[in-house]
Undergrad: 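What follows is a structure written as structure tokens; I'll ask about it next.
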Number of protein chains: 2
Amino acid sequence: MPRYGRYKTALYDQFARVGKALASARRIELLDLLLQAERTVEDLAGQTNMSIANTSQHLQVLKQARIVESERRGNHVVYRVTSDHAGNLLTSIQQFAEVGLAEVDAITRRFHDGCEEMEPVDRVQLMTRAKTGDAIVLDVRPKAEYEAGHLPYAESLPLEDLEQRLASLPKDKQIVAYCRGPYCVLAVEAVERLRERGFNAIRLEDGVREWQEQGLPVEYEESA
Amino acid sequence: MPRYGRYKTALYDQFARVGKALASARRIELLDLLLQAERTVEDLAGQTNMSIANTSQHLQVLKQARIVESERRGNHVVYRVTSDHAGNLLTSIQQFAEVGLAEVDAITRRFHDGCEEMEPVDRVQLMTRAKTGDAIVLDVRPKAEYEAGHLPYAESLPLEDLEQRLASLPKDKQIVAYCRGPYCVLAVEAVERLRERGFNAIRLEDGVREWQEQGLPVEYEESA
DNA sequence: AAAGTATTCAAGCAAGTACTTGAATACCAT
DNA sequence: ATGGTATTCAAGTACTTGCTTGAATACTTT
């Protein structure tokens with residue numbers, strides 16, 4: 001079908017454009033952060049240990065593929081994902097890598113061992129226990145990410161503030177900590193530390209994105 | 001968290017590996033074909049107008065990302081997707097491009113206009129009508145792809161054989177043609193030609209993959 | 001208006017990718 | 001074994017990407 005040659009290549013080019021945007025570990029790291037909350041270039045550069053200029057350039061690649069968009073806000077430029085569909089892209093890559101690439105399993109296992117995770121079936125039940133106060137759900141990400149969206153009944157307790165606020169946590173209830181998702185180590189570390197102090201702590205593998213993709217509800221801060 | 005730096009980059013590298021494999025229009029085209037049916041290198045090279053060596057190289061990139069696998073069969077090497085998860089990758093990229101990139105819409109519109117598609121709601125109903133014989137479902141892809149999996153009650157009528165078999169088609173029933181999916185033009189062309197001849201033809205946008213992802217059943221040939 | 005901060009742009013270099021060509025390998029048929 | 005076919009490998013070249021550096025731009029504050 002020579003007549004359709006141009007049509008086909010043009011389409012594949014568009015699809016590849018999205019693929020190209022996801023073809024760099026740096027850009028995936030940026031996207032991963034942006035899926036938690038919107039951020040300035042400066043912030044992203046700091047979080048990823050990249051130069052500002054380099055960060056800006058990577059962001060523009062993501063922007064060209066319409067995965068992220070930007071908005072000038074005063075002196076800063078704030079980047080955010082264009083839609084929830086962007087999360088699906090990363091999710092499907094992660095899912096694929098999880099089942100297909102033995103390396104991923106090996107890497108995560110090295111860091112997450114000894115820290116039992118919640119069974120997937122517990123999700124719905126967890127919310128009812130959180131609602132009644134039988135379980136405490138902790139969001140151990142930085143506060144800004146909590147404010148951009150968090151699980152229902154979760155309270156914000158950034159990992160860095162953990163030590164100072166230990167006293168306010170109950171020893172007799174189960175504490176469920178979550179962070180950015182299955183590959184994030186914040187909750188692993190939180191649970192580790194809590195257990196050392198004698199708390200009954202457990203890690204929820206999900207992050208907000210995973211929660212949302214399950215069709216479960218998410219809360220946002222009204223203020224902002 | 002300097003302690004986790006290596007862990008994080010190692011993971012992002014793995015995810016990017018998948019992204020890299022999808023970062024070329026050529027490779028997406030190959031994957032698209034492989035999602036319809038397994039194929040030899042020679043066949044793929046022919047379908048995509050690439051040199052054999054180049055095709056082989058692209059296939060190896062896909063193979064390294066575990067998106068496809070290969071098996072020697074006599075004199076040929078047959079490539080196939082490793083799992084259905086590979087289809088999800090392409091689907092999520094396509095879905096993203098569809099909503100995010102205006103270009104995709106513009107490109108497809110240029111070729112698919114004037115050819116009404118079936119409403120998504122018709123899917124389930126379509127099968128019952130096909131079952132009772134009220135509608136004829138035609139798979140207009142090459143026969144090998146039909147054999148690798150097709151919609152229930154569909155009969156194989158490759159586009160190239162259409163003219164010869166017009167006589168066997170009824171004028172009083174609705175004919176529903178489908179091909180590789182929303183971006184494939186085989187069914188568009190089939191419907192165009194059928195209408196010119198006075199048939200009541202309509203295009204189903206789905207391909208086998210889309211069908212499957214909806215959780216709907218698919219049939220395979222027993223023989224093979 | 002002037003100075004300061006955040007971001008982008010432009011140029012340059014090293015490294016990586018895409019494609020071609022011709023040789024090497026693996027299997028089949030005789 | 002020999003010749004034929006399908007695929008992969010190796011080397012070369014043009015092109016693209018990733019990162020750095022320093023200048024340019026956009027906005028804020030004084």
Side-chain angles (χ1 to χ4, degrees), chain A residues 5 8-10 12-31 33-34 37-65 67-80 144, chain B residues 5 8-10 12-31 33-34 37-65 67-80 144:
Chain A
K8 282 200 332 194
T9 22
Y12 288 128
D13 279 339
Q14 296 302 320
F15 299 148
R17 203 167 123 188
V18 179
K20 281 203 175 82
L22 302 171
S24 144
R26 304 294 207 153
R27 285 195 290 272
I28 291 191
E29 190 172 2
L30 290 171
L31 178 56
L33 287 168
L34 287 171
E38 58 176 33
R39 286 169 209 274
T40 65
V41 180
E42 191 180 27
D43 183 14
L44 287 164
Q47 300 268 338
T48 58
N49 291 312
M50 283 195 264
S51 75
I52 300 265
N54 196 22
T55 306
S56 174
Q57 276 169 173
H58 278 303
L59 286 168
Q60 277 166 76
V61 176
L62 288 170
K63 193 176 176 181
Q64 274 188 14
I67 294 174
V68 306
E69 60 192 9
S70 67
E71 178 199 344
R72 181 135 217 154
R73 201 172 293 164
N75 223 333
H76 295 265
V77 174
V78 174
Y79 278 81
R80 63 170 159 262
Chain B
K8 280 198 338 191
T9 20
Y12 288 128
D13 279 340
Q14 294 303 320
F15 298 148
R17 201 166 127 189
V18 180
K20 281 201 174 83
L22 302 171
S24 144
R26 304 292 207 156
R27 285 195 290 271
I28 291 192
E29 190 172 2
L30 290 170
L31 177 57
L33 286 168
L34 288 171
E38 60 175 33
R39 294 177 141 91
T40 65
V41 180
E42 191 180 28
D43 182 14
L44 287 164
Q47 299 268 336
T48 58
N49 291 311
M50 282 195 266
S51 76
I52 301 266
N54 197 23
T55 305
S56 173
Q57 276 169 175
H58 278 301
L59 286 168
Q60 276 166 76
V61 175
L62 288 170
K63 193 176 176 180
Q64 274 189 13
I67 294 174
V68 306
E69 59 191 11
S70 66
E71 178 199 346
R72 182 135 216 152
R73 201 172 295 162
N75 221 335
H76 294 265
V77 175
V78 174
Y79 278 82
R80 63 172 159 261

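The analysis underlying the following values was restricted to heavy atoms, covering all of them including side chains, and did not include hydrogens, waters or symmetry mates. Residue numbers start from 1 in every chain, and the chains themselves are labelled A, B, ... in the order their sequence lines are given, proteins ahead of strands. Since the structure is predicted, the reported quantities are computational estimates derived from the model, not experimental observations.
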Undergrad: Take atom NZ of K20(A) and atom P of dG18(D), then tell me their distance rounded to the nearest Å.
TA: 11 Å
Undergrad: For A25(A) and D13(B), work out which heavy atoms get closest and say how close.
TA: CB-OD1, 3.2 Å
Undergrad: Backbone N or O of K20(A) within a donor-acceptor pair of the R27(A) side chain at under 3.5 Å?
TA: yes
Undergrad: Within residues 52-60 of chain B, find the residues that approach DNA chain D with a heavy atom at under 4.0 Å, and present them sorted by residue number.
TA: I52(B), A53(B), S56(B), Q57(B), Q60(B)
Undergrad: Looking at OG1 of T55(B) and CG of L30(B), how far apart are the two atoms once the value is rounded to the nearest 0.5 Å?
TA: 6.0 Å
Undergrad: Measuring only between side-chain heavy atoms, which start at C-beta, is R73(B) closer than 4.5 Å to E38(B)?
TA: yes
Undergrad: Residues two or more places apart in sequence or in another chain: which of them pass ring pair (Phe, Tyr, Trp, His ring centres under 6.0 Å) with F15(A)?
TA: Y183(B)
Undergrad: When you measure from the side chain of R26(B) to the backbone of H58(B), do you find a donor-acceptor pair of N or O atoms at a distance under 3.5 Å?
TA: no
Undergrad: Rounded to 10°, tell me the angle between the two end axes of the helix from dA1(C)-dT30(D) to dT30(C)-dA1(D), each built from five pairs.
TA: 30°
Undergrad: Restricting to non-hydrogen atoms, name the atom on R39(B) and the atom on L33(B) that form the minimum distance, rounded to 0.1 Å.
TA: NH1-O, 2.7 Å
Undergrad: Within this structure, what is the CG-CG distance for the pair L34(B) and L62(B), rounded to the nearest 0.5 Å?
TA: 7.5 Å
Undergrad: May I have the distance from E29(A) (atom CD) to dC19(D) (atom P), rounded to whole angstrom?
TA: 11 Å
Undergrad: Could you pull out the closest heavy-atom pair between A16(A) and S24(B), with the gap in Å?
TA: CB-C, 3.6 Å
Undergrad: Going from CG on N54(A) to CG on L59(A), what distance comes out if it is rounded to the nearest 0.5 angstrom?
TA: 9.5 Å
Undergrad: So, for T40(A) and V78(A), which heavy atoms are closest and what is the spacing to 0.1 Å?
TA: CG2-CG2, 4.2 Å
Undergrad: Please report the closest heavy-atom contact between V61(A) and A21(A), naming both atoms and the distance.
TA: CG1-CA, 4.1 Å
Undergrad: With heavy atoms of chain A within less than 4.0 Å as the criterion, where does contact along DNA chain C begin and end?
TA: dG4(C) to dA10(C)
Undergrad: dT17(D) phosphate, OP1 or OP2: any side-chain N/O from R26(A) under 4.0 angstrom?
TA: no
Undergrad: Summarise how protein sits on nucleotides 25-30 of chain D as a single string, 5' to 3': B when a protein heavy atom is under 4.0 Å from the base, S for sugar-phosphate-only contact, - for no contact.
TA: -BBS--
Undergrad: I28(B) and Y12(A): which non-hydrogen atoms are nearest, and at how many Å?
TA: CG2-CD2, 3.7 Å
Undergrad: Heavy-atom contacts under 4.0 Å between residues 38-47 of chain A and DNA chain C, which residues?
TA: T40(A), V41(A), E42(A)
Undergrad: How long is the gap from CD on E29(A) to CD on Q47(A), to the nearest 0.5 Å?
TA: 9.0 Å
Undergrad: When rounded to the nearest 0.5 angstrom, what distance separates CD in Q57(B) from OG in S51(B)?
TA: 7.5 Å
